Colleague: 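One structure coming up, written as structure tokens, with questions to follow.
Bear in mind the structure is a predicted one, so any value in this text is a computation, not a measurement. Numbering of ligands and ligand atoms starts at 1, following listing order.
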Amino acid sequence: MQVAQTLMKVFVTRRVPQEGARILSQAAGCTVSLWDSDEPVPRAELLKGVEGAHGILCLLSDKIDAEVLDAAGPNLKVISTLSVGFDHMALDEIKKRGIRVGYTPDVLTDATAELTVALLLATARRLPEGVEEVKNGGWSSWKPLWLCGYGLSGSTVGVVGLGRIGLAISKRLKAFGVKRLLYSGRTAKAHAAEVDGEFVPQDTLLSESDFVVVSCSLTPDTQGMCDKAFFSKMKKTAIFVNTSRGSVVNQEDLYQALSSGEIAAAGLDVTTPEPLPTDHPLLTLKNCVVLPHIGSATYSTRGIMADLSARNLLGGLQGTDMPSELTF
Ligand code: NDP
Ligand code: DGY
């Protein structure tokens, strides 16, 4: 006698690149429903969509908290996020319920490091201002002191959080002739040797660096870490770059530091909230370059992230290995 197999229900919170969509559409034993849009799923639709789900494929813009887990109910076995960051997920609640989590480390490291270097150079060498001046007729002549900025050659760079991405950023920056590479964090890293990185207290990093690059994860410890006291320890000529999460920065304090000349400039790929309202004070400053969270945004990286997150999801549903399971 054949026993009818119950289909497992999967909810996907956004349209994802075809590399992931294809895997999900071909998965046996699953019924997949999708928030079929490029825009985030409204909260009410998320709560409805996850009802009875065995698996959820989510994005960093979806807050996965106790309410979502309760709405999903006891079937839920796995949550796979299309991101390396997992600060949008209530891990304590997820753990309590014995749910497995998949994420996408490594595959986006190079793209994010590349974007961080681009943002650092754009900020330090004032590229958006220069482009604007060409368009608005402000370019009258070659002038010795016009649009001067700061160069990497011979500089000291401080990396807050020398993880996978912090290391990849450091490797790239070293090629620009950086003289000293400092880093801070909870623990010294063996891989720092690859970039001659010096593990220093955060205060030393701030007072000695010409460029401060934040690439740590968002945790209760790093939430609001870049505040008035942080910026006051930096050099007046220093450039601040953040490609981790917006909440690591106190944006009011950053605005004060930038507008008062306490630091030279800032480049941000991440903000709070996202999107940053178009009337936000930071956007009035010429010495603040803001990007719309595009660190990992290359076609190939997003495709690989989608593939990995789909395979993570299937592993969790089938109770087998997940290619990148988060241990917590
Ligand atoms: P890793 O886990 O490899 O690195 C995170 C680093 O943060 C670790 O080295 C950790 O150091 C450090 N850290 C933790 N707490 C602190 C602290 N209190 N002070 C300083 N450093 C600390 O992650 P990844 O490098 O892969 O990713 C890092 C983050 O980058 C992600 O969590 C995500 O938020 C962000 N990201 C942003 C992208 C974008 O598009 N802008 C793209 C991809 C990622 P330790 O081990 O000592 O705790
Ligand atoms: C992540 O993966 O955490 C990034 O912020 C987006 O790629």
Colleague: Give the C-alpha distance, both sets of side-chain angles, the deciding distance and a yes or no for side chain to side chain donor-acceptor pair (under 3.5 Å) between S309 and T104.
Modeller: CA-CA 7 Å; S309 60; T104 63; over 6 Å; no
Colleague: Please assess S209 against M234 for the test side chain to side chain contact (heavy atoms under 4.5 Å, CB included), listing each intermediate value before the final yes or no.
Modeller: CA-CA 7 Å; S209 296; M234 286 173 60; over 6 Å; no
Colleague: Quick check: does G163 get an N/O under 3.5 Å from an N/O on ligand 1?
Modeller: yes
Colleague: Would you say Q202 contacts ligand 1, with heavy atoms under 4.0 Å as the rule?
Modeller: no
Colleague: Can a non-hydrogen atom of T222 be found less than 4.0 Å from any atom of ligand 1?
Modeller: yes
Colleague: Is there a polar contact, in the sense of an N or O pair closer than 3.5 Å, between K189 and ligand 1?
Modeller: yes
Colleague: For ligand 1, does L162 get within less than 4.0 Å through its side chain, its backbone, both, or neither, judged by non-hydrogen atoms?
Modeller: backbone
Colleague: Heavy atoms under 4.0 Å from ligand 2: which residues qualify?
Modeller: L60, S83, V84, G85, L108, R245, H293, S296, M305
Colleague: Check this for me - ligand 1, D221, N or O atoms closer than 3.5 angstrom, yes or no?
Modeller: no
Colleague: Quick one: look up the protein heavy atom nearest atom 31 (C) of ligand 1 and list residue, atom name and how far away it is.
Modeller: V84 CG1, 4.0 Å
Colleague: Can you check whether S215 has an N/O within less than 3.5 Å of an N/O in ligand 1?
Modeller: no
Colleague: Mind checking what makes side chain to side chain donor-acceptor pair (under 3.5 Å) contact with E208, not counting sequence neighbours?
Modeller: R180
Colleague: Check whether V248 and I165 end up in the same hydrophobic cluster, where Ile, Leu, Val, Met, Phe, Trp and Tyr are linked by side-chain heavy atoms less than 4.5 Å apart.
Modeller: no
Colleague: Let me check something: do Y150 and V212 share a hydrophobic cluster, defined by ILVMFWY side-chain heavy atoms less than 4.5 Å apart, either directly or through other members?
Modeller: no
Colleague: Answer yes if V68 and L60 sit in the same cluster of Ile, Leu, Val, Met, Phe, Trp and Tyr residues linked by side chain heavy atoms under 4.5 Å apart, and no otherwise.
Modeller: no
Colleague: Does some side-chain heavy atom of S25 sit less than 4.5 Å from a side-chain heavy atom of V32?
Modeller: no
Colleague: Need the ligand 1 atom indices (1-based, order shown) with element for anything under 4.0 Å from a heavy-atom of G161.
Modeller: 12 (C), 21 (N)
Colleague: Out of all atoms in ligand 1, which are within 4.0 Å of some heavy atom of H293? Include the element for each.
Modeller: 39 (C), 40 (O), 41 (N)
Colleague: Give the residue and atom name of whichever protein heavy atom lies nearest to atom 35 (C) of ligand 1, and the separation in Å to one decimal.
Modeller: S244 O, 3.6 Å
Colleague: Students should be able to answer this: which protein heavy-atom is nearest to atom 2 (O) of ligand 1, and at what distance?
Modeller: R164 NH2, 3.5 Å
Colleague: Please report whether ligand 1 has a polar contact with R245, defined as an N or O pair separated by less than 3.5 Å (distance criterion only).
Modeller: yes
Colleague: To which protein heavy atom is atom 19 (N) of ligand 1 closest, and what is the distance rounded to 0.1 Å?
Modeller: G185 CA, 3.9 Å
Colleague: When you look at Q251 and L276, which way does the side chain to side chain contact (heavy atoms under 4.5 Å, CB included) test go after all the steps?
Modeller: CA-CA 11 Å; Q251 292 179 171; L276 194 65; 3.9 Å; yes
Colleague: Does one hydrophobic cluster hold both I294 and V270, with members joined at side-chain heavy-atom distances below 4.5 Å?
Modeller: no
Colleague: Could you check whether any side-chain heavy atom of L291 comes within less than 4.5 Å of a side-chain heavy atom of L119, counting everything from C-beta outward?
Modeller: yes
Colleague: Kindly identify the option in C216, S83, G295 whose heavy atom sits closest to atom 12 (C) of ligand 1.
Modeller: C216
Colleague: Please say yes or no: joined through hydrophobic side-chain contacts below 4.5 Å, possibly via intermediate residues, are V195 and L182 part of one cluster?
Modeller: no
Colleague: What is the ring orientation for F199 with Y183, classed by angle as parallel under 30°, tilted 30 to 60°, or perpendicular over 60°?
Modeller: tilted
Colleague: With heavy atoms of S296 as the reference, note each atom of ligand 1 found under 4.0 Å away.
Modeller: 40 (O)
Colleague: Indicate yes or no: does K236 engage E262 in a salt bridge with an N to O separation below 4.0 Å.
Modeller: no
Colleague: Salt-bridge test for R14 and D38: reply yes if a basic N is under 4.0 Å from a carboxylate O, no otherwise.
Modeller: no
Colleague: Can you confirm whether L24 sits close enough to V12 that some side-chain heavy atom of one is under 4.5 Å from a side-chain heavy atom of the other?
Modeller: yes
Colleague: Please determine if T187 has a nitrogen or oxygen closer than 3.5 Å to a nitrogen or oxygen of ligand 1.
Modeller: yes
Colleague: Quick one: does P105 get within less than 4.0 Å of ligand 1, heavy atoms only?
Modeller: no
Colleague: Does the protein place a non-hydrogen atom closer than 4.0 angstrom to atom 10 (C) of ligand 1?
Modeller: no
Colleague: Please identify which atoms of ligand 1 are closer than 4.0 Å to at least one heavy atom of S217.
Modeller: 5 (C), 7 (O), 14 (C), 32 (O)
Colleague: Please report the C-alpha distance between H88 and T81 in whole Å, then the side-chain angles of each, then the deciding distance to 0.1 Å, and finally whether the side chain to side chain donor-acceptor pair (under 3.5 Å) criterion is met.
Modeller: CA-CA 10 Å; H88 54 297; T81 184; 3.0 Å; yes
Colleague: Do S83 and Y103 make a side-chain contact, defined as non-hydrogen atoms from C-beta onward lying under 4.5 Å apart?
Modeller: no
Colleague: To check your reading of the model: name the closest protein heavy atom to atom 37 (C) of ligand 1, its residue, and the distance in Å.
Modeller: T243 O, 3.0 Å
Colleague: For atom 25 (O) of ligand 1, tell me which residue out of I165, D269, L268 has the closest non-hydrogen atom.
Modeller: I165
